[in-house]
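Every chain is numbered from 1 and lettered A, B, ... according to where its sequence line falls, protein lines coming before strand lines. Just so it is clear, the structure is predicted and the values come from calculations on it, not from any experiment.
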Amino acid sequence: MPELPEVEATRRHLGPVLEGATIIEVIVRRLRMVRRQERPGDFGDRVTGRRIRPLGRRGKYLLAPLEGDITWVTHLGMSGRMSVNTREDPELPHTNVVVRLDSGAEVRMVDPRTFGFVAAYTPEELVVALNDRIGPDAYESLPSSRRLADLLAGRVAPIKALLLDQRVVSGLGNIYADEILHRAGIRPDRPAGSLDATELKALRAAIRPVLAAGLSHGGTSLDDLAYLLPDGRAGDYVTRLRAYGREGEACRRCGGTIVRTVIRARSSFWCPRCQA
DNA sequence: ACCTCCCTGGCC
DNA sequence: GGCCAGGGAGGT
């Protein structure tokens, strides 16, 4: 599912297709996909006719800055993915937004569950939509362990819940949060404020390597294949996962048995033997 | 800081 | 035929 590594892999694939191209037409097949926008029609109106500058990303948000100070923002939600096509390619089911380029290529957003969305923002709107809502990017600007200590001090919520809170750091979802906690050797249900300095260092140190590994494999495509790279290939980090989805299987570090518990209404997979 | 909702394919 | 998956927003 699309978390930071999947969004970043998507950004890297889309870059060569989008950058420098001009948007000539936008087709919104499901109006629900345009959200967090005053009027849904604003999206097409605002992006059409503009040239795309180099792509960016913040947490799970894919950012396409356009000439003229408009930013096309895409969030893939739970089940969204981007697909690069020619106009002749048949459309997959759940193709909800189509962006046609002057190059003849088109980028399609496919999202069965429609938790994803697109929007087009002025600089002021972008600040409200992103800066005021999400914290530093977990890959590009990870806070120091000392800063993390400040953020987590006194918090009784489980550390897993705070890793998923995009205001603390942005980009982590359920899969990579579990992988990070496993690598750091920390139980997901530990009260966040109870982590000592050594544990916080281990936690901080686990974040980038896990995300980098996921990215190097093109991300994590699960059996449902909801997430795929823009060329249709699957990311295969699922074969390297150490915790997520491995209930009942042997821990790849200590040989213990991975368990599944529910934290904040989300599945958590972890090893009771090597996560303390 | 917690709960509910959105949505649909896939599974029991 | 019902339930589950879950990111993020909204409400209490």
Side-chain angles (χ1 to χ4, degrees), chain A residues 1-8 10 28-38 40 57-63 73-82 91-97 109-119 121 125-126 128-135 137-139 151-181 188-194 211 214 219-228 234 238 241 243-248 260-270:
Chain A
M1 83 198 43
E3 303 177 24
L4 190 154
E6 289 74 31
V7 178
E8 178 62 15
T10 297
V28 177
R29 303 215 182 280
R30 280 198 69 166
L31 209 55
R32 175 181 149 75
M33 298 308 292
V34 180
R35 290 204 297 277
R36 303 199 204 171
Q37 185 106 56
E38 259 182 60
R57 182 190 56 74
R58 217 12 231 287
K60 302 177 195 176
Y61 291 79
L62 179 64
L63 307 175
V73 174
T74 304
H75 195 296
L76 297 174
M78 269 285 298
S79 57
R81 72 175 190 98
M82 302 299 264
E91 276 187 20
L92 293 168
H94 307 293
T95 297
N96 298 335
V97 180
M109 184 179 181
V110 180
D111 184 4
R113 288 178 220 177
T114 67
F115 280 19
F117 67 90
V118 294
Y121 291 133
E125 290 167 342
L126 188 65
V128 174
L130 294 189
N131 296 28
D132 292 355
R133 272 185 228 256
I134 68 173
D137 186 78
Y139 191 71
L151 290 169
L152 304 183
R155 304 290 296 267
V156 293
I159 184 62
K160 167 80 179 280
L162 292 188
L163 287 181
L164 293 177
D165 184 341
Q166 305 297 302
R167 291 166 299 186
V168 178
V169 292
S170 64
L172 307 182
N174 209 31
I175 295 175
Y176 292 97
D178 278 0
E179 294 302 305
I180 286 162
L181 288 165
D189 57 358
R190 284 279 300 282
S194 77
L211 296 176
T220 306
S221 297
L222 300 176
D223 291 343
D224 61 9
L225 299 183
Y227 162 73
L228 296 170
V238 66
L241 294 176
Y244 184 87
R246 300 191 68 244
E247 181 182 16
R260 172 185 174 274
T261 61
V262 175
I263 297 173
R264 290 281 214 275
R266 261 126 188 96
S267 293
S268 287
F269 299 89
W270 55 285

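- Atom CE of Met109(A) is separated from atom NE2 of His94(A) by 13.0 Å, given to the nearest 0.5 angstrom.
- In this structure the side chain of Arg36(A) reaches within 4.5 angstrom of the side chain of Phe117(A), judged on heavy atoms.
- Rounded to an integer number of Å, the gap from CZ of Arg264(A) to C1' of dA5(C) is 19 Å.
- Rounded to a whole Å, the OH atom of Tyr227(A) is 21 Å from the C1' atom of dT8(B).
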Do nucleotides 6-12 of chain C as a string where each nucleotide becomes B, S or -: B if the base has a protein heavy atom under 4.0 Å, S if just the sugar-phosphate does, - if no protein is that close.
BBBS---

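- Atom P of nucleotide dC6(B) and atom CG of Leu31(A) are separated by 18 Å, given to the nearest angstrom.
- The shortest non-hydrogen separation linking Glu3(A) to Ile175(A) is OE2-N, 2.9 Å.
- Checking Thr220(A) against Tyr176(A) by side-chain atom types alone, a donor-acceptor pair falls below 3.5 Å.
- Between His94(A) and dC7(B) there is no side-chain polar atom (N or O) within less than 4.0 angstrom of OP1 or OP2.
- Across every non-hydrogen atom of Arg58(A) and Ile134(A), the tightest pair is NH2-O, 3.1 Å.
- Asn174(A) has its side chain within reach of Lys160(A): a pair of non-hydrogen atoms, C-beta onward, lies under 4.5 Å apart.
- Atom CG in Leu92(A) sits roughly 15 Å away from atom C1' in dG9(B) (whole-Å rounding).
- Within the 4.0 angstrom heavy-atom criterion, no nucleotide atom of any strand lies near Arg35(A).
- Residue-level contact check: Arg167(A) touches neither bases nor backbone, having no heavy atom under 4.0 Å from any strand.
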